[in-house]
Asker: 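I have a structure I would like to understand better, so I am pasting it below and will then ask my questions one at a time.
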2 protein chains.
Amino acid sequence: MPTSRSYRDSCGIARALDVVGERWALLVVRELLLAPQRFSELRHALPHVSSNLLADRLRELEHNGVIRRGLAPGEGPRVYELTEWGRTLEPILLALGDWGVDAPQPPPPTALSATSVLIFLQHAARPDPAAPPTNCRLELDGRVWTVRLASGRVQVQPGEPATAAASLRAEPKTLSAMLADPATLATACADGSATVVGDLSVIDRLLRAVSDPWPISDQTGTPQERHSEMAGPHTR
Amino acid sequence: MPTSRSYRDSCGIARALDVVGERWALLVVRELLLAPQRFSELRHALPHVSSNLLADRLRELEHNGVIRRGLAPGEGPRVYELTEWGRTLEPILLALGDWGVDAPQPPPPTALSATSVLIFLQHAARPDPAAPPTNCRLELDGRVWTVRLASGRVQVQPGEPATAAASLRAEPKTLSAMLADPATLATACADGSATVVGDLSVIDRLLRAVSDPWPISDQTGTPQERHSEMAGPHTR
DNA sequence: CGGGATCCGCGGGGATACTG
DNA sequence: CAGTATCCCCGCGGATCCCG
């Protein structure tokens with residue numbers, strides 16, 4: 001039975017919290033920022049949420065117009081995806097993430113979600129616009145992602161790339177550390193905490209697209225700041 | 001006993017929600033955006049929160065560095081106020097309020113918090129920079145506020161103004177309607193839902209500082225958009 | 001009287017087992 | 001694989017009480 005309590009305040013903030021203020025709701029939205037996801041994928045990405053609660057949240061978010069069930073014609077995959085309105089939460093979630101990592105209290109030894117790192121990667125990377133388009137394959141937390149560097153942007157998509165110049169497998173925390181400091185790529189490869197197949201220099205370029213200083217006149221902050229903000233205290 | 005559950009994710013979003021994701025936490029922050037507040041003032045502004053829960057939230061927010069207890073030298077008023085870090089939540093809350101009023105589901109007949117209207121007023125008003133500084137007195141929900149129009153901005157402060165050109169008393173919803181459409185000021189005065197003392201034209205200028213189109217080259221949206229966004233569905 | 005603390009019932013959150 | 005059913009417990013909510 002979905003939750004049905006309200007702050008009973010017409011204020012926009014209170015109304016927003018009526019919709020996405022319940023526990024786990026905004027983290028479900030975070031998971032859907034990158035791509036539509038299936039129920040089991042959400043469960044795997046959010047290992048501490050119970051299945052009944054996840055089902056409740058998905059029902060509520062769908063009822064409130066934040067997400068929708070992907071149309072399943074015939075053998076459709078039956079995924080959950082953000083509505084247009086739900087997608088407009090993205091800048092708010094990014095700002096909230098920026099705010100959260102400035103918390104004075106360092107968190108206890110916690111995991112780092114793969115989605116968090118990928119969202120940051122997509123959001124903060126500024127690859128050389130002059131470089132030719134390149135595909136990378138990323139294996140994170142048992143899931144494969146396609147990372148496309150093209151036209152000065154990075155796009156992250158779920159699934160195997162058609163072609164890839166290089167492939168990287170690592171823990172989210174390891175990748176996060178490499179994004180903060182590309183020099184750790186070599187040591188991570190050496191001690192086995194990261195595995196690279198293909199052109200190592202392409203991976204290095206990807207990492208530097210985040211960690212290297214941006215061209216001036218860019219909108220907000222330095223990549224280092226932004227990364228530590230998304231990825232957590234282990235980079236500060 | 002304050003809440004002590006965590007999402008156990010180093011992601012900045014999850015860490016932010018660990019700090020301000022519990023129920024009522026962000027509405028407490030909203031109340032403190034305008035000015036430091038006492039316990040009883042918060043209870044009055046948030047009539048649906050129980051006292052023990054409010055005390056818990058204040059403790060947690062203080063422990064996490066979002067608010068602090070105002071220093072009480074001698075007979076100090078013992079207020080709660082945002083820390084510098086807590087204050088950086090302001091743009092996030094404003095964006096969340098913008099998002100919330102676009103909810104497709106119109107809320108049931110609910111109240112409108114006075115703080116919500118005042119925050120919007122302060123945030124969205126663009127008075128004529130050439131006009132001389134003016135003070136207004138606002139009585140909203142039994143509380144008196146000083147509204148200062150000066151140098152192209154509006155500042156809202158708690159308490160009686162030293163001097164005021166005009167005074168307005170009304171319900172939050174009435175003021176919200178007047179901000180959306182200044183023409184309702186006259187009818188509200190006529191039917192007694194608003195009371196003006198002093199120079200009526202000054203109140204009208206205040207209302208039009210929000211509802212009139214902004215000078216182009218201003219940052220975001222039109223006042224009408226922004227107001228409906230903060231103030232709720234009754235203006236849409 | 002303001003500023004909480006204590007008590008208690010309820011409902012949402014969390015874990016596990018089970019089913020279409 | 002995608003949820004549902006069941007249980008327990010704690011956070012929430014309302015009321016009352018307490019203390020300076």
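Below, chains carry the letters A, B, ... as their sequence lines are ordered, and counting in each starts from 1.
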Asker: Can you tell me how far P of C:dG4 sits from CZ of B:R57, to the nearest Å?
Answerer: 16 Å
Asker: Evaluate the side-chain proximity of A:L138 to A:L175: yes if any heavy-atom separation is below 4.5 Å, no if none is.
Answerer: yes
Asker: As a test of reading the structure: which of C:dA15, D:dT4, C:dG4 is closest to the side chain of B:F39, going by heavy atoms?
Answerer: C:dG4
Asker: Write down the distance between CG (A:L54) and P (D:dG3), rounded to a whole number of angstrom.
Answerer: 9 Å
Asker: Considering just the side-chain nitrogens and oxygens of B:R8, establish if one lies under 4.0 Å of OP1 or OP2 belonging to C:dG14.
Answerer: no
Asker: What's the CG-P distance between B:D56 and D:dC12, to the nearest Å?
Answerer: 8 Å
Asker: When the distance from CG of B:L46 to P of D:dG13 is rounded to whole Å, what number comes out?
Answerer: 11 Å
Asker: What is the nucleic acid contact for A:S40, judged by heavy atoms within less than 4.0 Å: base, sugar-phosphate only, or nothing?
Answerer: sugar-phosphate
Asker: If you only use heavy atoms from C-beta on, which nucleotide in C:dG14, C:dT6, C:dG2 is closest to the side chain of A:N52?
Answerer: C:dG14
Asker: Would you indicate, yes or no, if C:dG3 has its OP1 or OP2 atom less than 4.0 angstrom from a side-chain nitrogen or oxygen of B:Y80?
Answerer: no
Asker: Measure the shortest side-chain to side-chain distance between B:R87 and B:E84 over non-hydrogen atoms and say whether it is less than 4.5 angstrom.
Answerer: no
Asker: Could you label the plane-to-plane angle of the B:Y80 and B:F39 rings as parallel, tilted or perpendicular, counting under 30° as parallel and over 60° as perpendicular?
Answerer: tilted
Asker: Regarding C:dA5, can its base be found pairing with the side chain of B:S51 as donor and acceptor, where the two atoms are less than 3.5 Å apart?
Answerer: yes
Asker: Start with the C-alpha distance between B:R57 and B:E60, add both sets of side-chain angles, then the distance that settles salt bridge (Lys or Arg N to Asp or Glu O under 4.0 Å), and finish with yes or no.
Answerer: CA-CA 5 Å; B:R57 287 295 165 272; B:E60 297 170 26; 2.7 Å; yes
Asker: Roughly, in whole Å, what's the span from NE2 in A:H44 to C1' in D:dC1?
Answerer: 15 Å
Asker: Of the listed nucleotides (C:dA5, D:dG11, C:dG3), which one gets closest to any side-chain atom of B:R38?
Answerer: C:dG3
Asker: Report the nucleotide, chosen from D:dC12, C:dA17, D:dT16, that has the shortest atom-to-atom distance to any side-chain atom of A:R5.
Answerer: D:dC12
Asker: Taking for each residue the nucleotide of DNA chain D with the nearest heavy atom, is it A:R59 or B:E22 whose nucleotide lies nearer the 5' end?
Answerer: A:R59
Asker: Whole Å only: how far is the CD atom of B:E41 from the C1' atom of C:dG3?
Answerer: 12 Å
Asker: Among B:R137, B:E160, B:E139, which one satisfies side-chain hydrogen bond (donor to acceptor under 3.5 Å, both in side chains) with B:S167?
Answerer: B:R137
Asker: Just the rounded figure in Å: distance from P of D:dC12 to CH2 of B:W24.
Answerer: 11 Å
Asker: Atom CG of B:L53 to atom P of D:dC12: distance rounded to whole Å?
Answerer: 6 Å
Asker: Any side-chain heavy atom of A:I119 sitting closer than 4.5 Å to one from A:R30?
Answerer: yes
Asker: For C:dG3, does either OP1 or OP2 sit under 4.0 Å from a side-chain N or O belonging to B:R69?
Answerer: no
Asker: Of all the nucleotides listed (D:dG13, C:dA5, C:dA15), which has the minimum atom distance to the side chain of B:A55?
Answerer: C:dA5
Asker: From C-beta outward on B:R23, which listed nucleotide comes closest to its side chain: D:dT4, C:dG4, D:dC12?
Answerer: D:dC12
Asker: Is any side-chain N or O of B:Y7 closer than 4.0 Å to OP1 or OP2 of C:dG14?
Answerer: no
